[in-house]
Structures are given as C-alpha cells and as structure tokens.
Number of protein chains: 2
Amino acid sequence: MNRTKPVVESPSEEEARVPASERAYRRLKQLILDNEIAAGSQMLELEAAARLGMSRTPVREAMVRLEQEGMVELRPRHGMRVLPISPDALAEIYDILTALEGMAAESAARKGANPDQLAALQQAVDEMEEALAADDLLRWSQADARFHRQLVELAGNRRLASIVEQVSDQAHRARLTTLRLRPKPVSSNRDHAALVAAIRDRDPQKAREIHEQHRRRAAEMLVALVRDFGLKQL
Amino acid sequence: MNRTKPVVESPSEEEARVPASERAYRRLKQLILDNEIAAGSQMLELEAAARLGMSRTPVREAMVRLEQEGMVELRPRHGMRVLPISPDALAEIYDILTALEGMAAESAARKGANPDQLAALQQAVDEMEEALAADDLLRWSQADARFHRQLVELAGNRRLASIVEQVSDQAHRARLTTLRLRPKPVSSNRDHAALVAAIRDRDPQKAREIHEQHRRRAAEMLVALVRDFGLKQL
DNA sequence: GCATCACTTAATGCATACATAAATGCATCC
DNA sequence: GGATGCATTTATGTATGCATTAAGTGATGC
C-alpha cells in the first residue's frame, strides 16, 4: 500500500470561489493522470483531506465522481484505489474510442467544418509535423491530443465529447508511459492529414474509415507494447 | 417548480445492508426513469432526504452521481432538476448508441456467441414476436430492452456495457412516452432476427450494418415524433 | 510454525451543526 | 405599477461528531 505523505495544499485566491469538492476532484484527477498517485495505490479519505487542506466531505464527493468515471475504485477502509489499466482494459477502451471517434469523424465530414475549424485541425497537424522534425515527442503528444479533441468537438455532440474525454482519460497514463517506447508516429500524422482532407472534401465514409483504421492501428500497437513490456501498473 | 409532497419511505430489511447512499441513488433514479419526478421539475436535498427517510449526506451523494450520468443537474438553492430531453438531445443520444451498439454487434459476430447466448437473443426476438401478435407494446419494449442489453454484453466489453446503459437511460422516458405513438414495430423485429442470424453466421460487417441501420431508423422516427408532437418535457 | 480467538484500532457512512450567500418578502420611493 | 434597497429566510457546502464494523495485532493452543 502506497501511502502519500501529507502535504497541505491551500487554495489560491482565484480558486476560492470554486467549491472545495470541485477543487478536490480536479486536483485528485490531475494527480492520477500525472501518475503522481500510482496505479494500484490507495489513498484514504483522511489522507486526501489532509493533503488538500479540507474536510473529508468534499473529498469524498470528489472520490465518488472519480469512481463513476472508472478512474478509481472505493473500498470501505481501504480508501480510493487508482485502477491499473491492463492490456485487456486498454483494448476495451480503444474499441470504444474507435467507434465513437469514427462516428465523430463521419459526423464532422457530413456537417462540414468552417474555415476556422479546418485551420485549427490543420494547425494541430502542422504542429505535430514540427514536433516530429524536432524529435519532441511530448509536444507531439500534446498536439495529438488537441487534434483528437477538436475532431470530436466538430461533431457538435456534447454528450459524445464528454464520454470520449472520460474514456480517453482512463488510458492517459498508458499513453504517457509508452510515449518513448513507440516508434516515431510518422504514419500517424499522415492519417491525421488525410482525415482533415476528407472532412474538407465532405466525404463522411472516407473520414470514418481513415480514422477508424488510424485508431485501430494505434490501439494494437499500444496494447502490444503494454503486453510485451509486461507493464502492469499503468 | 414541481415540488413532490414528502412521503417517507423506510428501507425494508433486505435493503438494510445496502448503504443509504446507494439506496438513495437507486430510488431517485427509478423515480426519474418512471417519470414520477417529471422532467424539468426540481427536488431539494431536504425534500429528497425527507422522502427517503435519511439525512442529506447520502442523498447528496446520490444526486452527484445522477448528475454525473447526465440525468439531472444540481444548482445551489434549487436542488436537483431532472433534465428534459429535447429532440436534439435525443438525436445526440441515439448517434452515440448507434456507434456503440454497432460496434458491439460487429464484436459479437467476430467473437462468436455460444449456443446459450444465441438462444437468449433468439428468445428475446420470439418474445417480441409474441408481444406484437398480442398487441402488448409494453411487453414488446421490455423484450426489446433485454435484446439490446444482451447484444451489448455479447461484445464482452464491460466499459461499453456501462456506457451504453447510462446513455440509454437518458432516453428511457422518451421511449416510454412515445411507445404508443409509434407504428407497430414489425420491421424492427425483422432487423433483430437478421442480426441474430448475422451473429450466428459470424459476419461482423453484416451485423454492424444491420444494427446501425436499425438504430438509425429507430432514432429518426423517435426524434421526428418528439418534434412533431411538440413534446418538450421528456 | 500455524491457526484461532479476543481485543483494540481506525476508516467509513451517516447525522447533525454551522457559515455563507442566494432567494424572498416587504417597505419605500418615483 | 415598477424599481430599489434592506431585512429575513433558507438551501447548500462543508466541518465535525458518532456509530458501526472491518482490519490489524497479540496471545494462546496444538
């Protein structure tokens, strides 16, 4: 059991208007996404409360939300445990993302995108290109995340965007951890560029196919990596 | 503002081991799904607590969960408001269900189903057939729901099943309310039967296409109905 | 050394109290 | 009649206390 040493974190002034439970939720989630609370490790309500400088009540509310999102499990007397992501879980997650983002791509191409939206997508592609040229994988991954988020938003389905974000967050640590273990994502960015073109050309079938294949390939590689390296605590 | 008159509901013995917050969640959700708390109406924490015979603490936890599921919104000093489902929201919901269930159908056909699983699907189809012959629409809708749930479970993706359930629940009242406004779902059940055959034949593409078209048609009809009848509070 | 039992500790679930601030009601003015 | 200001009421967000019981620890017996 990995117990985090209490470090009291007081709210800054600008945060003071945000309810404590929301602050707790955001902070705990960030700690999980950043792998600062390791997968498989546990944190008691009282520990989190001490660390965040508040009472147990808002902390508990934050933990319930995180449990609802599939990021953690809550067990009486054991606190909040960050759920590790197994290869099988990763495959599940990416199956869902493939279906939903494929639908988003199709929707975006059907609805069409205005010049600003297309420019933003293209800008993300360009930035990925630059990041690859500069061997800056972190920058690449940030632009990649932005691209995917923008794509989903283009579908104009608020529920979809929310679900995709939650599901994607579950795999975040796995992506981060394997970032330097993967081959340089050159063909990945070719897919991105082709997808932008399909959206511009208003070709829903093509957009969907490109993106589903793209997502499937990425998933296969990621799942295989996690399996091959025996990574268990992601 | 529609205020529900407090009726105290004490837990039965078999429920006593279920935490109060879980009981509150289930009860409130059922009230929403059954349209006993009307869309658009509000219920204060204290009202719900009085009605459920517990303190505000577990009630609040239940409400936070329901908010996370997109069933309600919580506003300080206004309590929990059941979110109405507009035609646009319905379209969003069904787009998501179409993508996810289409993926489930493809997955089920790819993995294959054992004889028990196939029999269960076929049994649901048969029961829908009987219900149609007996003009028992409620029975039909229950068998229909069962069919869809079983289909999604066949994909063997636990996260998928959970997401589909949540998204589907958001549209539950709309389905219930329009049940008798829709034409008799004869062709719907033909789709179901064809899907079972595609799964049995292990034809993923066909399964996916059948089911996506089925879902799309159902969505179009439902959305049009809600629009045409000017139904706002679903 | 291992299993069992009794006792103690402590983490959660929940109830209650308190502080804050939004909503409401009322009086006054134009 | 409508707008404004002020006082009062009240619903939430949170802190704290209490009851329950699971988990941990130590002693004992085989």
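We name chains A, B, ... by the order of the sequence lines, and we start the count at 1 in each one. Just so we're clear, the structure is a prediction, and the values are computed from it rather than from any experiment.
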Counting N and O atoms only, with roles assigned by atom type, does the side chain of Arg175(B) sit under 3.5 Å from a partner on the main chain of Ser168(B), one being a donor and the other an acceptor?
yes
List the residues meeting salt bridge (Lys or Arg N to Asp or Glu O under 4.0 Å) with Glu106(A), not counting sequence neighbours, and say none if there are none.
Arg110(A), Arg208(A)
Let me know the distance between [atom1] of [X] and [atom2] of [N], rounded to the nearest Å.
X: Glu61(B); N: dC14(C); atom1: CD; atom2: P; result: 7 Å
X: Arg75(B); N: dA21(C); atom1: CZ; atom2: P; result: 18 Å
X: Met80(B); N: dT12(D); atom1: CE; atom2: C1'; result: 15 Å
X: Glu73(B); N: dT12(D); atom1: CD; atom2: P; result: 13 Å
X: Leu46(A); N: dT16(D); atom1: CG; atom2: C1'; result: 12 Å
X: His78(B); N: dA11(D); atom1: NE2; atom2: C1'; result: 10 Å
X: Arg77(A); N: dT8(C); atom1: CZ; atom2: C1'; result: 11 Å
X: Gln42(A); N: dA23(D); atom1: CD; atom2: P; result: 11 Å

Check: Arg65(B)/Ser21(B) side-chain N/O donor and acceptor closer than 3.5 Å
no
Check the side chains of Tyr25(A) and Gln30(A) for a donor-acceptor pair under 3.5 angstrom, ignoring hydrogens and angles.
no
Tabulated below should be each protein N or O lying under 3.5 Å from an N or O of nucleotides 15-19 of chain C; please produce it.
| unit_1 | atom_1 | unit_2 | atom_2 | d |
| --- | --- | --- | --- | --- |
| dA15(C) | OP2 | Ser55(B) | N | 2.8 |
| dA15(C) | OP2 | Ser55(B) | OG | 2.1 |
| dA15(C) | O5' | Ser55(B) | OG | 3.3 |
| dA15(C) | N7 | Thr57(B) | OG1 | 2.8 |
| dT16(C) | O4 | Thr57(B) | OG1 | 3.4 |

Using a 4.0 Å heavy-atom cut-off across all strands, classify Glu45(B) as base, sugar-phosphate, or nothing.
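It contacts sugar-phosphate atoms only.
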Select one nucleotide: of dT14(D), dC14(C), dA22(C), the one nearest the side-chain heavy atoms of Pro19(A).
dT14(D)
Taking the six-membered ring for Trp, is the centroid-to-centroid distance between His192(B) and His211(B) below 6.0 Å?
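They do not qualify: ring centres at least 6.0 Å apart.
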Tell me which pairs pass salt bridge (charged side-chain N to carboxylate O under 4.0 Å, His left out) where either residue lies in residues 158-169 of chain A, with sequence neighbours left out.
Lys29(A)-Asp169(A), Arg159(A)-Glu92(B)
